[in-house]
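Data block below; observations after.
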Amino acid sequence: MIRFVTGNEGKVHEAREYLDESVEQVDYDYTEIQGELKDIALYGSRETFAETPGDGPVLVDDTGLFVEALSGFPGPYSAFVEDTLGIERVWEIAQREENRRATFRTVLAYYDGETAETFEGSVRGRIVAPRGDDGFGYDPIFAHDGRTFAEMSTAEKNAISHRGRALAKFADWLAERNE
Ligand code: ITT
């Protein structure tokens, strides 16, 4: 069993579709240090393991949307920017740029008290006017191959997404380890 550390139901839903292992959501608000996604996730996994009851391994997911023309903004600040500006405003800002390319990145950090490991996934796409009702967060303004993530089913999104790719690496590693 994996303890997936997040307050975001959308992330849990995607992880459950993807992993064979059972996934328990741990809604622990770990300290988000300033830095790169990998450092944030690693720090969060160690802190959660130390501070929450239960002894199963923990998995932290830190994700960011990096808009090329905005030098990677909002990147590691994506959650803050979604809460304060909202995705419509991010679209309005990106709309002023000729280059609308963006990358979603996820870093998963696993920690079981001994082993610490990270798994990264990314996907390239374009920022577009909001479309679609599914998914969560920035999904309505992120398009890949002509469709936004909010216009895809969870399975379709997982097959190509930043999180899906990171989860795939994690699942392979776990399967090899459990052999
Ligand atoms: P936790 O930290 O509790 O996991 P969070 O939603 O704050 O939840 P992040 O900091 O990793 O998680 O997320 C950064 C932002 O990116 C946040 O606004 C999310 O809603 C958004 N986000 C994360 N994954 C996403 C995805 O697959 N599609 C669209 N938006 C996503």
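Indexing begins at 1, ligand by ligand and atom by atom, following the structure's order. This is a predicted model, so every value here is computed, not measured.
- Figure legend: cation-pi geometry between R126 and F142 absent, as NZ or CZ is not positioned both under 6.0 Å from the six-membered ring centre and within 45° of its axis.
- Among protein heavy atoms, atom 24 (N) of ligand 1 sits closest to R163 NH2, 2.8 Å.
- Here the heavy atom of the protein found nearest to atom 10 (O) of ligand 1 is D62 OD1, 3.5 Å.
- At least one N or O atom of G7, backbone or side chain, sits closer than 3.5 Å to an N or O atom of ligand 1.
- Counting protein heavy atoms only, atom 2 (O) of ligand 1 is closest to E32 OE2, 3.7 Å.
- For atom 1 (P) of ligand 1, the nearest non-hydrogen atom of the protein is T6 OG1, 3.3 Å.
- Scanning the protein heavy atoms around atom 22 (N) of ligand 1, the nearest turns out to be F136 CE1, 3.8 Å.
- Proximity of a side-chain donor or acceptor of Y111 to a complementary backbone N or O of G44 within less than 3.5 Å is not detected.
- The shortest N or O to N or O distance between Y138 and ligand 1 is below 3.5 Å.
- The protein heavy atom nearest to atom 7 (O) of ligand 1 is A79 CB, 3.5 Å.
- Among protein heavy atoms, atom 6 (O) of ligand 1 sits closest to N8 ND2, 2.9 Å.
- Close approach to D139 involves these atoms of ligand 1, each under 4.0 Å from a residue heavy atom: 26 (C), 28 (N), 29 (C).
- Using a 4.0 Å cut-off between a side-chain N of Lys or Arg and a carboxylate O of Asp or Glu, K157 and E14 qualify as a salt bridge.
- Proximity of a side-chain donor or acceptor of R3 to a complementary backbone N or O of G56 within less than 3.5 Å is detected.
- Remark: side-chain polar atoms of D62 are not paired, donor with acceptor, to backbone N or O of L108 under 3.5 angstrom.
- Remark: among candidates T148, V123, V60, T63, the nearest residue to atom 13 (O) of ligand 1 is T63, based on non-hydrogen atoms.
- Checking E9, E82, K11 against atom 12 (O) of ligand 1, the nearest heavy atom belongs to K11.
- Contact annotation: F142 has no heavy atom less than 4.0 Å from any atom of ligand 1.
- Remark: the backbone N or O of T6 is paired with a side-chain donor or acceptor of Q25 at under 3.5 angstrom.
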